[in-house]
Amino acid sequence: MNCSAHCETPPKIEWKKDGTFLNLVSDDRRQLLPDGSLLINSVVHSKHNKPDEGYYQCVATVDSLGTIVSRTAKLTVAGLPRFTSQPEPSSVHRGGSAVLGCEVTAELAPLLRWERDRQALAPDRRVLQLPSGALLITNASDTDAGLYRCALDGGGTPKYSDEAELKVLPDAEEPQSLALLKPPSSLTRLPGQSAVFPCVAAGFPPPLIRWTWNEEELPTDGSGRFQLLAGGILEIWDVAEADAGTFTCIAESGNDTLEAQAELAVQVPPTFLKRPANIYAHESMDIVFECEVTGKPTPTVKWVKNGDMVIPSDYFKIVKEHNLQVLGLVKSDEGFYQCIAENDVGNAQAGAQLIILDLDVAIPTLPPTSLTSATNDHLAPATAGPLPSAPRDVVATLVSTRFIRLTWRPPASDPQGDNLTYSIFYTKEGINRERVENTSRPGETQVMIQNLMPETVYVFRVVAQNRHGPGESSAPLKVATQPEVQLPGPAPNIRAFSSSPTSVTVTWETPLSGNGDIQNYKLYYMEKGQDTEQDVDVGGLFHTVSGLKKFTEYSFRVVAYNKHGPGVSTHDVVVRTLSDVPSAPPQNLTLEVRNSKSILLQWQPPPAGTQSGQITGYKIRYRKVSRKSDVTESVGGTQLSQLIEGLERGTEYSFRVAAMTVNGTGPATDWVTAETFESDLDETRVPEVPSSLHVRPLVTSIVVSWTPPENQDVVVRGYAIGYGIGSPHAQTIKVDYKQRYYTIENLDPSSHYVITLKAFNNVGEGIPLYESAVTRPHSVPDPSPMMPPVGVQASILSHDTIRITWADNSLPKNQKITDARFYTVRWKTNIPANTKYKTANATTLSYLVTGLKPNTLYEFSVMVTKGRRSSTWSMTAHGTTFELVPTSPPKDVTVVSKEGKPRTIIVNWQPPSEANGKITGYIIYYSTDVNAEIHDWVIEPVVGNRLTHQIQELTLDTPYFFKIQARNSKGMGPMSEAVQFRTPKAESSDKMPNDQASGSAGKGSRPMDLGPDYKPPLGGSNSPHGSPTSPLDSNMLLVIIVSVGVITIVIVVIVAVFCTRRTTSHQKKKRAACKSVNGSHKYKGNSKDVKPPDLWIHHERLELKPIDKSPDPNPIMTDTPIPRNSQDITPVDNSMDSNIHQRRNSYRGHESEDSMSTLAGRRGMRPKMMMPFDSQPPQPVISAHPIHSLDPPHHHFHSGSLASPTRSFLHHQLSPWPLGSAMSHSDRADSTESVRNTPSTDTMPAAAAVPSAELPEPEGPFLPAEEEPQGPPTAHVRPSHPLKSFAVPAVPPTGGPFDPALPSTPLLTQQAPGHPVHAVKTASIGTLGRTRPPMPVVVPSAPEVQETTRMLEDSESSYEPDELTKEMAHLEGLMKDLNAITTA
């Protein structure tokens, strides 16, 4: 056996056999040759003495460097040749195959040969010798008959086997069963070798042989490395590692098929991916030798140092699979380290040298390229100079179980220490192997030493280093790490198995590590794919978790607890619950009538959570609708469709489908009905041309839609769509015959495409239909968002299910969805507040939300998505799920004795965490026997949601057990765990002997305990001596105080209203006393013919009494409803805004502000006449224009003009907009605007006091506002008293009554061209042709806020008939005064 080693110094060669050095000096048979090889002159081998067989290894040593070892070599001694099987007589039909066995060991197989009739067999393609030695004869002929034997040529006399006769029979006439004469057997090969798999089959007709590899058909045409030899033998040349796998031989003869399998394993000797590299280091450093190997089987790796095995320890560790880490180097670690890798087919080694330098020698940047002993000679020493002194005050500032933080001060020789680095040397006490940790940056004076052992004493010292080298060491510092709290280790042997479809039993054993007894275990489990883990406390070593989902994977782990807390968790064990029958039927069952005798059924599996196992098939049941009792059953596989054939023509059938698991059949779908055709369609000719073709181009796609051929009697199997740029023959797509549209994708923008459509069947394709389209350019704006769904409603179905329905305004009226839109439903609950939305998609206008919590309020909203367009979320709908019985017991049950009453106890508790509804009561069970049946326990009901209860008259010194059960409207929840309480031994001495029968407690004792539900009788007193603090007295006192307060408030309100009325009346009387120096004409009339009074008061000749001496400088306008702000007025049609702005300057005053107010009446509303009086002397203007109508078709319009002191002519001007049209539509908005936007300038007069005169209630019938046919709306008033008008027109009206056809209303304006004027906005009240609330009337000068408030208050008052009479009297008095003035 060869061995050679090279070094500058010649090495010493030695040999090891089976790990032990051979003593070759005194060995006669074995000697060491000069080149290092081992020679064994005479091999010794016998049955009981095999001294030379074994593993040999060569060892090379250089004294100054170290030792290396070679890889190992195995020596085996070949035995004498013998046959493991011999040929046997056999017969074969002419043309058949035969196998003659003669097998020897693998190493002797090349020495085997065959003879027939004692003559060597001539080479023949039909006759093959297999690698095992057996002889294969294929396509036998008569010449193959004879005596066969095999011979072993071992270098001497050949060894022959027994002879066996082969008979050749005539051709077989009857079919013979198929049989495998020589099946393939598994092989193990190295890369580059060849492999032969025999597969010899016999039978008639002669069998055909084919091969598969890992279930893929194997090409054996001879072109590759796989070759099929005679007789079906598979030969593989140049085996590669990728060829490993399962080879299957398939023999087929007639209807018979036989299969045989064999495995090919490819083994690879170890090779190095990364070899160890030479390393320079200083003492106390940590180093790592890297070694990465590959091979098959995976090699084992061991490390050898100077020829000796490295045993892992605290300082020699195997890290990252195969790397060797040496911690805290010492000089003796120097030498050669070798990584040796071995597997079943070989071994390899790679080595590296570790050289330890003195501390004053710098480590070279590049490692040595070859093994050398010249360590210090070729390295430059560090520069000379002063070295630092020892670091000062080394202390351990933080000591833990596995790490220590050290701090220190710089050396005295360099107090700043900015350029110093530090090395911290440390070792276990009593061990001379030091380790070193260096600071990370210059000047740093602290370090964290990690990976220490708990409760161990370490010795630390610190050395400072400057550019000249390391200085003095600090004094050693001993520090002991903290003892580690011994928490339990992982529980061993955790196992989980499913005991039922909804439960899993988990078992484990007591942890081995950890001090202190195990107190309990916590079992954690989680559904696979979920992220929320549940846990349960367990006292023993097993637990059964129930209530799990069927046929679902769960992971389980166990954590043990002791007095220090939780220990280390076990690894997760995964188990799947047992399967069960499906709990839901298949989904979406559809029927498609194929022809007159067959119907195709298609369906989807049951929902994922309801399958309860692996679906093994589907059971289909069908029947004629006319004969419901005659049911046919068909069991299919796992496919999702079934063609039912053999049906009758023109007959209606019902079908239902149920899913099956190994456990049985689940529920079936509802019956679905379809009728077969009366007659089959024609398929003797191609279909006709489709009746229409439409294309809709988009940017990169074209939507094609069509209708089927008009002739429906010819079968259409599908449609072929051809398309391309300029030609339709570039691409063709075939779609199903049911399809009516298709989207051609991935097209170029702005391109001209030609599209063709043809219907086809089994005969061929029909006549094409052509269309062309140009795709759109790229710059397409983003699609506008869709409208959100409306009318979202939540219908509660159960405690965990709510149905959401909605409508989609973008759909047609029948709400039928015909496009690819879908809806997204989202929902959440506000408890807790940070819950996230959950979402689901739906393609219909409803969705069933399941898995909700009971008695919980949820909010839902919906959005619609169509292509790239989505809507916003709809308005939310809310729904609260129904209640469910409590699913957890009351919590924190405690029992305490009542102070001073040992026979009475108080039970306290907290509501259940899962109440699932409003708690309506509790039931307390108590007993002295914890094991008694529950119906033997005493029951104490508690009504309502109280959380405490007293139980009296218990036996002293007796242990009681208490359980509590919660109740809501749905029923009782589970009971709590039993709580034990022992009553005291004796009653307290200070208790009165008869206090339990006494109605009231005496001094120093407690009142009788009557329980929490006791209520004292009325008239009784629980307070001694009739104390005023009794509940009855205090209640009476409270009632008296409240009654007196209410009465007082009512009286004050009545007085205030009365005073207000009197004040209003008095002011009206005072205002009526105003007199004018000008005369007036009278207009008289009776009740049958009342003309509308025109009231014109000429301001030049009207003498006003001073009113500004009133206590209120701005008297209010009574009974005038003025809105507080714009919110009080409902806005109307904005289309009139332009008219409003055009009218702003249509009222002009000449020298003073003119104001006009048009009063329009309405049914049910009292008309009011207002006379604004200016509080300032300069020429006030009053204009009132009530309009009355007795005959709707003939409206009378009265107009006049104000005389101006500077102009003697009358100025008539009609308003350019009709009162009944423009103003009636916008009266509310205008009146608001008039109040808020009236100009307030210094030249404007102050707000005037406006007395108002009341018109009486209209009596008798009058035309309702809804029936007015045309013209401006006016006030319809028939006064019951003949009213006298007190107006003084300067000139009679020129136009007389206006033509009612004129769409205008005479509003008086006065204009003086060329003079500076002020615009005053005037409100006009109109009415629409429908009943509306009372309209606000607005005067030009907006009153102050306080006045407005008072106006509103006054406007709310209503008058009785007697008050109206008084008001009429005041009004008549006022008119008499005016008449007297005008006639004077």
Side-chain angles (χ1 to χ4, degrees), residues 587-588 590 604 607-609 694-705 738-747 749-750 773 775-798 800-853 856-881 1131 1133-1135:
Q587 306 177 94
N588 303 335
T590 58
Q604 293 297 317
H694 301 281
V695 294
R696 185 162 65 90
L698 301 175
V699 180
T700 59
S701 60
I702 296 177
V703 180
V704 184
S705 59
K738 292 179 293 184
Q739 203 154 329
R740 293 291 177 266
Y741 65 89
Y742 182 80
T743 303
I744 306 173
E745 305 278 2
N746 301 320
L747 304 181
S750 304
T775 50
R776 297 183 188 173
H778 240 312
S779 58
V780 179
D782 289 338
S784 58
M786 299 186 70
M787 291 180 60
V790 296
V792 182
Q793 292 185 346
S795 306
I796 294 89
L797 302 184
S798 70
D800 66 347
T801 306
I802 293 180
R803 181 182 293 280
I804 307 302
T805 58
W806 58 90
D808 190 344
N809 279 348
S810 60
L811 289 176
K813 284 186 178 179
N814 61 3
Q815 292 286 291
K816 203 166 188 178
I817 300 172
T818 57
D819 50 20
R821 72 180 63 202
F822 66 91
Y823 301 88
T824 304
V825 184
R826 72 174 184 181
W827 65 92
K828 64 171 281 195
T829 175
N830 290 328
I831 304 173
N834 58 353
T835 52
K836 295 181 179 177
Y837 278 103
K838 293 186 177 179
T839 60
N841 289 342
T843 54
T844 60
L845 295 175
S846 68
Y847 185 75
L848 204 64
V849 183
T850 58
L852 304 178
K853 295 180 182 176
T856 304
L857 175 66
Y858 286 87
E859 66 174 45
F860 303 87
S861 51
V862 188
M863 69 182 283
V864 60
T865 302
K866 180 180 174 184
R868 294 185 298 130
R869 300 170 59 205
S870 293
S871 73
T872 56
W873 289 104
S874 69
M875 297 183 69
T876 57
H878 295 80
T880 302
T881 48
D1133 193 357
N1134 291 329
S1135 64

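Heavy atoms only, all atoms of each residue included: Y847 and V825 are closest at CB-CG2, 4.0 Å. Across all their heavy atoms, A773 and V695 have their closest contact at CB-CG2, 3.8 Å. The two residues D808 and Y823 make their nearest non-hydrogen contact at OD2-OH, 2.6 Å. When all heavy atoms of I802 and G879 are compared, the pair lying nearest together is CD1-O, 4.0 Å. Q815 and A807 get closest at one heavy-atom pair: OE1-CA, 3.5 Å. Nearest heavy atoms, S846 versus A842: O-CB, 4.0 Å.
Taking OG1 of T743 as the start and CD1 of I702 as the end, the distance is 10.5 Å to the nearest 0.5 Å. With values rounded to the nearest 0.5 angstrom, I796 atom CD1 is found 11.5 Å from H878 atom NE2. The CG atom of L852 sits 11.0 Å away from the OG1 atom of T880 when rounded to the nearest 0.5 Å. Atoms CD and CH2, from E859 and W827 in turn, are 13.0 Å apart once rounded to the nearest 0.5 Å. One distance of note links OG1 of T850 with CG of L797; it measures 10.5 Å at 0.5 Å rounding. Taken from OG1 in T844 to CZ in F822, the straight-line distance is 13.5 Å, to the nearest 0.5 Å.
Under a cut-off of 6.0 angstrom, the local environment of CD in Q739 is crowded, with over 12 non-hydrogen atoms contributed by other residues, nucleotides or ligands. Environment of CG in N746: sparse, with no more than 12 heavy atoms of neighbouring residues, nucleotides or ligands closer than 6.0 Å. The local environment of CZ in R740 is crowded, with over 12 non-hydrogen atoms from other residues, nucleotides or ligands closer than 6.0 Å.
Taking the side chain as every heavy atom from C-beta outward, E745 and S701 approach each other to under 4.5 Å.
The closest donor-acceptor contact from the side chain of T881 to the backbone of T856 lies under 3.5 Å. With hydrogens and angles disregarded, no donor-acceptor distance shorter than 3.5 Å links the side chain of T835 to the backbone of K828. Remark: the backbone N or O of S750 is paired with a side-chain donor or acceptor of T775 at under 3.5 angstrom. Side-chain atoms of S874 never come within 3.5 Å of backbone atoms of P788 as a donor-acceptor pair (strictly under, hydrogens ignored).
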### Query
Taking it one step at a time, do L698 and V703 satisfy side-chain contact (heavy atoms from CB on, under 4.5 Å)?
CA-CA 8 Å; L698 301 175; V703 180; 4.2 Å; yes
### Test log, rule side-chain contact (heavy atoms from CB on, under 4.5 Å), inputs H694 and Y741
CA-CA 9 Å; H694 301 281; Y741 65 89; over 6 Å; no
### Task
Kindly indicate, with the supporting measurements, whether the criterion side-chain contact (heavy atoms from CB on, under 4.5 Å) is fulfilled by L811 and R821.
CA-CA 10 Å; L811 289 176; R821 72 180 63 202; 3.6 Å; yes
### Message
The test is side-chain contact (heavy atoms from CB on, under 4.5 Å); show your working for K853 and T829 and say whether it passes.
### Response
CA-CA 9 Å; K853 295 180 182 176; T829 175; 5.7 Å; no
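Judged purely by distance below 3.5 Å, without hydrogens or angles, the side chains of T865 and S870 pair a donor atom with an acceptor atom. A side-chain donor-acceptor contact under 3.5 Å links R826 and S861.
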